[in-house]
Amino acid sequence: MSIDTPTVNATALDPTSAAAARRDILHKLLMTLGPILAALVIAGCILLAVGVDPLAYYGYVLEKGLFSPLGIQQTLTRMAPLLFLAAGLIVAFRAGTWNLGGDGQFLLGAVTAAASAPVFVQLMPAWLALIGSFLIAAVVAMIWSLVPALLRAYQGVNEIITTLMMTFLGTSLANVLVKLVFRDPGTTVPQTRTLPVEDRLPRLFDTTITSGLLLGLAAIIIVHLVMTRTAFGLKLRIVGANPRAAIHAGLGVPGLTIAVFAISAGLAGLAGAVDIIGVQGNVRADWNPAYGLAVIPAVFLARMNGFAAIGFVFLLSVLSIGGESAARRLGVPNHFTLVLVSIVLIVLALAEYVDHRYNQSRKA
Amino acid sequence: MTGLFSEVFLSALMFGAVTAAIPLLLAGLGEQMSEKAGVLNIGIEGMMLAGAYLGFVGAFYSGSLWLGFLTGAAGGVVVALIMALLCVRIGLNQIVIGIALTLGLEGLTALLHHFQFSRSYPRLPAADATVIPLLSDIPVFGPAFFKHHLIVYLALALVFAMGYLYRHTQLGLNLQAAGDKPAALDVAGIDVIKTRTIAVLTTGALAGLGGAYLANVGAGLFIPFISNGAGFLGIVLAMLARGRPVWVLFGALLFGVCLSLTTAMQVAGINIPTDVIQMLPFLAVMIMLVLFGRRASLPAALGIPYERGTR
Amino acid sequence: MGSLSSLPGADKRDIVVLEGVTKRFPGIVANDSIDLSIRPGEVHVLLGENGAGKSTLIGMLSGLLQPDEGRILVDGKLTQITSPRHALALGIGTVFQHMMLVPALTVAENLLLGGPWWQRPRTEELEARVAEITRSLGITVKLHAKVSELSLGEQQQVEILRAMVRNSRLLILDESTSMLTPKGIDELGTLMRRLVEQGLAIVFITHKLKEAAAFGDRISVLKLGRKVGEIPSERFRALGEQEIISEIVELMFGKQKDDPEAVECPIRTICVEAAPLLQVADLAVAPTDNTPGLSSISFDIRPGEILGIAGIDGNGQKQLAEALAGQRVATGGSVRLEGTAIEMLSVGERRQRGLRYLTDDRLGEGTVGTFPVSINFFLKQVGAAPFWRNGFEQRAEIDKRAAQLVREYDVRTPSLKTPVGRLSGGNIQKVLLARELAEGAKVVIFNKPTYGLDLANTLASRQRIRDTAARGLAILLISTDLEELLSMCDRIAVIANGALVGTVENVDDARTKVGRLMIGLAA
Amino acid sequence: KSIAILTPEAGTDYGWNQQGIDAAKAAGKAAGVEVVVAQGLGYGDVRPTLRELASDGASLLIAHASGYNTSGPEIAKELKVPVAIVDTPSGLEKGLVADYTLSGHQGAYLAGRLAAKMSRSKSVGIVVSGEPPSWNSQSAAFAQGVKAENPEVKITYAVIGPAAYSDAAGGKRVTESVIASGADIIFGQGNGSSFGMLQAVETTKAADGGKVYFIDVIGDKTPIDKGFLLSSVVWNIEPVYAAMIDDLKADTFGTKSYSIGLKDDSVKLLKTAAIPDNVWTEIQALRDEVISGKIPVEPVYDAADVRALMTSVAQ
Ligand SMILES: Nc1ncnc2c1ncn2[C@@H]1O[C@H](COP(=O)(O)OP(=O)(O)OP(=O)(O)O)[C@@H](O)[C@H]1O
Ligand SMILES: Nc1ncnc2c1ncn2[C@@H]1O[C@H](COP(=O)(O)OP(=O)(O)OP(=O)(O)O)[C@@H](O)[C@H]1O
Ligand SMILES: [Mg+2]
Ligand SMILES: [Mg+2]
């Protein structure tokens, strides 16, 4: 046995830590880019099979999603709602709560923000109006999550079922609200009133990037710090990792559970609001971008780490913006982007596993 | 309004309810098996799409519905094989892989449809029904329940077969142990990985069959995204059913009936906006959850990959 | 695989021989080049401190783990035991240290697990077989009860029964006596004797030296992953109990001591007039589907006093502890701490007032297995200064204090960052002890504090409890180990069916009195 | 110079998307300009695509979906590129935003007359997968046509179900129910789900044991018909796009709304072999009356109004 006396060196950072940290970052980069490359090769084979030049395709993806000024702006803009969603999921997943109802919460947040913002801007200064709409969106989404939260906290009903159901319901309800309650009387198209472009969130500098991006980044970083550095975050993590230990340790588990749902749903609602107030300006009936489904795996792959999640969200955005453009230029249906994202997710998951295995065998 | 609710119309509504329920039933039964064995199979939507696409291709080119069901089930199994390999054998996160598979198959089947069928939109002839003598003569109910394709009766029989399997066979015990305490199953000499793999592959076969039914009988054709969330509903049904196949059946029928009810209300001219009526099935399930959902006991090891000898 | 009968050290009589077997885990060598031979007709006792590597060794014999180096011979042939199934096929049956039953299934179903998949479970056959075994064992098992409804002790019996039903040639019992009553332990001893006489080989792991001396034929001692000594059967037979014990102690600790467990009678004076620190009156808890309730439990504990709760496992001990700690809703009665009623307070509030509860379920609720050792020391203080300030974690403070506790309580861990679940049971227990005895404790409830601990740790823990009492704290000590209670307590109450059936002053004839109460007679 | 058209789905649907793309190509060819097609963009945010197409040099962006009518004008103003949108007559802006609100209600009216004439059971059905305004106006006009032809004819109206655009099985199921309620002619509007309706018509017998017929909208499904297509309200968008290109050249873009109608055959009823010649002659006569204004057909866009119309018809 290698340890005779308790070795207590956790605090004593080893002297070569700077070099080690650099190596670590390099390693992480390699372990992310490598798999993506591998995924591109696999997806390339599919492209070849349908008679499309993969190199041309990827060339467009990179150019239109990343390297052209227009492309990178679009990509960064697309990230804003995704970041909020990811932040909400990080809270939920770290607390062991499988909130799969993000899409419903997102849509209700979006609809209420879209309904309130155009009214508010006429009543008060723009900044106050927008804050008001954000708040309303968050609160509505929170209330929407109350049913699963209460069922989970006091009845032990599994939240996967309830949140999935609430997301089906929420999608319908959002439609009903758009068509019957908040409908813009000025048009035959069922949609909410439009928030004028000049009243939306300001764009960054001289670009088309929405300042929602900054809000999203702030949200996810704050969430990350709260979850990893604070007592509140630790409490949530204890509930997530071992609910019985949480009870034993005297934590108010039902209260914390409800808090998790509220925060997670609130952030999803804010995601909806930031998309509407930042970019879209209104909500149309039957609109459902279903961002949640793609963000969930991204958050897992990031191991619920906020900074890593930013990276994965960026990757998703590049693929979706660049992929759309590449598909159009090469005559592949846009659905290919879904295939590409799927392969990237699977290969990344595999790579993480291989890496983990390798590390373990090296340590042993 | 009495004329509106003729016998023929009522039995058509109920017939429709059964037709709509079958894919949900098969998906739910499949998901239930995975969950019993401790695997949360979020990829079931993808398996259904694979089944729908391959099932349609098989039936269309061979002209035989049965061959279509076979290729559909095989399609589901192929996707399940990936899931089993990645999530059961090497223990990757089930939610990540499940969602990735769903996204991938949405894209892939839409892509294939685009290149293959998007100009011709081929459609299958009507599925021939197996008429059950005597029973089918009952007014209203007869034509609604006893004039379906043979596969429908097989699906119903499967409900009871699965019930028997879970309660009265060694495999049933093994599955439950794999989901509740895999280590205990392992030390009893049964390979947990193998057991879970079998469960996931069965899920794939059932989901694929459900997809094939949806495409070949339900719609008579394949179009992209045809499953429309049926797989996710299957997950909900499986979780609601607490391990009992008959409850999956009840749940699936409830959904089917609600869907038909929305049609009935519209045809009756009841003046509620359709969007509101359409929330009905989901509301029904949510209410069921609020009333009966307490401590819906899920297997203890659900979603946790098993690796021998770790602690 | 060639014939290896000519190997040195291999004896034809050996069922299983281990040669230079080594097993490593990240950061630790759990087994270091171990040689061992196991023979039919012998109870081979395996001894060693917590974390010495006993369970790891068993894991390799039962197919759960694969050795990194070395080899295993079965019937003289080099064999890779690739899976538990393979081990069973070789006739190796194991009762694991941690419960290996499926809680949601019935006892019968658990026993049937492992049959060919296409078959109907053969219930009738099993019932006959079980009847036969239980008759010879003199135990009863509820075949159709759900495992989750059984007490830990009953579950352990089921596990032993399962190994027997399987007709094993080699029976391995990893700490199987830890949950049994003294009577049960004796019966198991007799049974083992009968089985080895029928030609079985048994590997028996325990922390209790008396059991080792009484039931064994041969003893191997592990220490820090290495085998440090063996008392072969010839010598074993030649020695008396005391001699064996002192020899083991020497092997394990390198120091001489006659009977380390010998009772040092408590000679503490408790101020009789002092107001009780903890007063419990008419405490009641409703029974649930699978746990007994409590009815009219009343007792007082004064500062410096240790009150023991004796009784057979599953008679409401856990419910009592949880009701006192606030984890379980009481349906009636009052609990007073220093005279103020606390029965309406939450778990956290009770803790703040100085009530501490050391749970018997270390992994299930005592710790968060995936969290580092350091954080687990402070699970019950999340948010409190100086480890958190304004809600923010103070890593340096936490690590500093954790390192101190690791040293003070001798927790063997590769680092402070190691997930606590990876430690051996004994070391996890030390983490809990350190946590509960930290500043501010006034009343401490210990639930089976030394269960699964090795001798050194057991003694150290007991000493800590005594010291704690000596500091003027009131102690409630729940244990199924009568020796432990007798060696520590001032008074011993006996619990049966959720009620206290009597309380005995721990003086000369306490042993018999408690014993009589436990088997349902008047004291 | 090039023009670009953006559609939510692929241009192979024998419907809205295909008609739009084909028309744009034809108009472009006639005017000698290149046509860029961006199809299958979905109903999400198309601002990225609009910006990209503009930066690639398109001098007219046709945002061919009502879902694009918020982003279209915004990008027009942002980049000073002319954009054409649908369903927003109030959104005109000179040089920047033109609207083409298309409604086939006149054609749907004729289809209603046709259906009422040809229904053997005196019962027809309308099945839709959703209730956007352009479909509502056709549903309503169809019902008006039926009622004008024969007030005795029963009209059954059904919307398929939740998120029904790709619900082919739902389309089939609901259509079967509607047929069971007595209808022998189905007027169907839907995207992917309309193939399910077609399938139901092909595989279900009417109450009298005869064929059930299908009336389609916007596109021409003749190439994939198996003999059940009675007619279709076909839209021809080419004149609209041609006019836009002309206006662009003449600097009058954004000063008027474009529309389609029976008059110039940009809306017309499809003649199939299933329509007897004498009936067709009668329908042609009615067409002339609609064009001349003798029969007024007003579009009804609101879902609730459409419903009210059905109920009053049914009773
Ligand atoms: N799967 C594992 N991963 C990492 N470390 C492990 C694992 N299993 C055991 N260990 C480590 O190996 C060592 C030996 O553990 P083992 O369980 O064999 O001890 P033991 O002798 O049975 O102790 P106890 O008497 O407490 O049961 C311990 O330090 C333990 O932390
Ligand atoms: N053909 C099968 N169909 C369904 N379940 C099976 C089948 N074969 C095995 N199983 C199940 O698979 C799991 C693992 O089986 P087990 O390892 O006992 O199989 P086995 O057939 O004995 O394998 P082997 O031949 O490799 O020993 C068990 O749950 C068993 O019930
Ligand atoms: Mg052990
Ligand atoms: Mg232990």
Side-chain angles (χ1 to χ4, degrees), chain A residues 60 64-65 68-71 73-75 77-78 81 114 168-169 171-172 175 179-180 183-192 194-198 200 203 208 210 275 279-291 317 320-322 324-325 327-329 331-337, chain D residues 4 6 8-12 36-56 65-71 73-75 77-79 85-91 99 101 103 129-134 136-137 161-165 299-304:
Chain A
Y60 281 128
K64 298 298 168 186
S68 68
L70 191 60
Q73 290 175 32
Q74 321 262 33
T75 298
T77 298
R78 176 66 51 91
F168 282 121
L169 263 180
T171 316
S172 300
N175 266 335
K179 289 183 190 167
L180 303 178
R183 181 167 174 172
D184 179 2
T187 163
T188 57
V189 183
Q191 63 187 27
T192 63
T194 305
L195 182 67
V197 180
E198 47 297 353
R200 292 184 203 159
R203 292 177 178 178
T208 59
T210 170
D275 203 16
V279 180
Q280 313 280 1
N282 64 16
V283 175
R284 290 183 312 281
D286 300 321
W287 176 66
N288 180 8
Y291 290 140
S317 301
S320 89
I321 298 284
E324 206 157 81
S325 175
R328 175 162 50 76
R329 284 160 200 276
V332 201
N334 204 0
H335 306 305
F336 181 74
T337 314
Chain D
L6 298 85
E9 290 181 13
T12 54
V36 178
V37 177
Q39 52 188 338
L41 297 175
Y43 301 88
D45 184 18
V46 289
R47 287 176 184 80
T49 315
L50 284 167
R51 288 199 183 103
E52 212 189 303
L53 290 168
S55 81
D56 286 352
S66 62
Y68 303 164
N69 63 0
T70 306
S71 44
E74 284 176 24
I75 298 298
K77 275 167 226 159
E78 181 183 309
L79 302 174
I85 54 172
V86 297
D87 290 340
T88 319
S90 58
D99 166 74
T101 296
S103 171
S129 65
E131 299 184 291
S134 56
N136 287 342
S137 75
Y165 292 104
V300 175
Y301 291 110
D302 192 66

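Just so it is clear, the model here is predicted, and its values are computed rather than measured.
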Query raised in the report: Are A:S325 and D:P48 side-chain neighbours, meaning at least one heavy-atom pair lies under 4.5 Å?
Result: no

Query raised in the report: Under 3.5 Å, is there a donor-acceptor pair between the D:R47 and A:Q280 side chains?
Result: yes

Query raised in the report: Does the pair D:D302 and A:K179 meet the rule for a salt bridge (Lys or Arg N to Asp or Glu O under 4.0 Å), with working shown?
Result: CA-CA 10 Å; D:D302 192 66; A:K179 289 183 190 167; over 6 Å; no

Query raised in the report: Are the side chains of A:R328 and D:V37 in touch, meaning some heavy atoms are under 4.5 Å apart?
Result: no

Query - Salt-bridge present (D:E52, A:R329; N to O < 4.0 Å) - result: yes

Report task. Let me know if A:V197 has heavy atoms under 4.5 Å from chain D in its side chain, its backbone, both or neither. Result -> side chain

**Report entry** Most chain D-contacting option - heavy-atom pairs closer than 4.5 Å, from A:R203, A:R78, A:H335, A:E324
**Finding:** A:R203

Report summary line: CD (A:E198) and NZ (D:K77) are apart, to the nearest 0.5 Å, by 8.5 Å

Report summary line: Heavy-atom nearest pair, D:Y43 first then A:W287, reads O-CD1, 3.6 Å

Query - chain D contact via A:K64 - side chain, backbone, both or neither, heavy atoms under 4.5 Å - result: side chain

Query raised in the report: In terms of heavy-atom proximity below 4.5 Å to chain A, should D:S66 be classed as side chain, backbone, both, or neither?
Result: both

Requested in this report: Would you mind telling me which of D:N69, D:L41, D:N136 has the largest number of heavy-atom pairs within less than 4.5 Å of chain A?
Outcome: D:N69

Query - Under 4.5 Å from a heavy atom of chain A, the part of D:A10 involved - result: neither

**Report entry** Heavy-atom proximity to chain D below 4.5 Å, by part of A:Q73
**Finding:** neither

Report summary line: Of A:N282, A:T194, A:T171, A:T187, the largest count of non-hydrogen pairs under 4.5 angstrom with chain D goes to A:N282

Query raised in the report: Which answer fits D:D56, side chain, backbone, both or neither, if we ask what part of it has an atom under 4.5 Å from a heavy atom of chain A?
Result: side chain

Query raised in the report: Side chains of A:V279 and D:D45: does their closest heavy-atom pair fall under 4.5 Å?
Result: yes

Query raised in the report: So, for A:P190 and D:P133, which heavy atoms are closest and what is the spacing to 0.1 Å?
Result: CD-CD, 3.7 Å

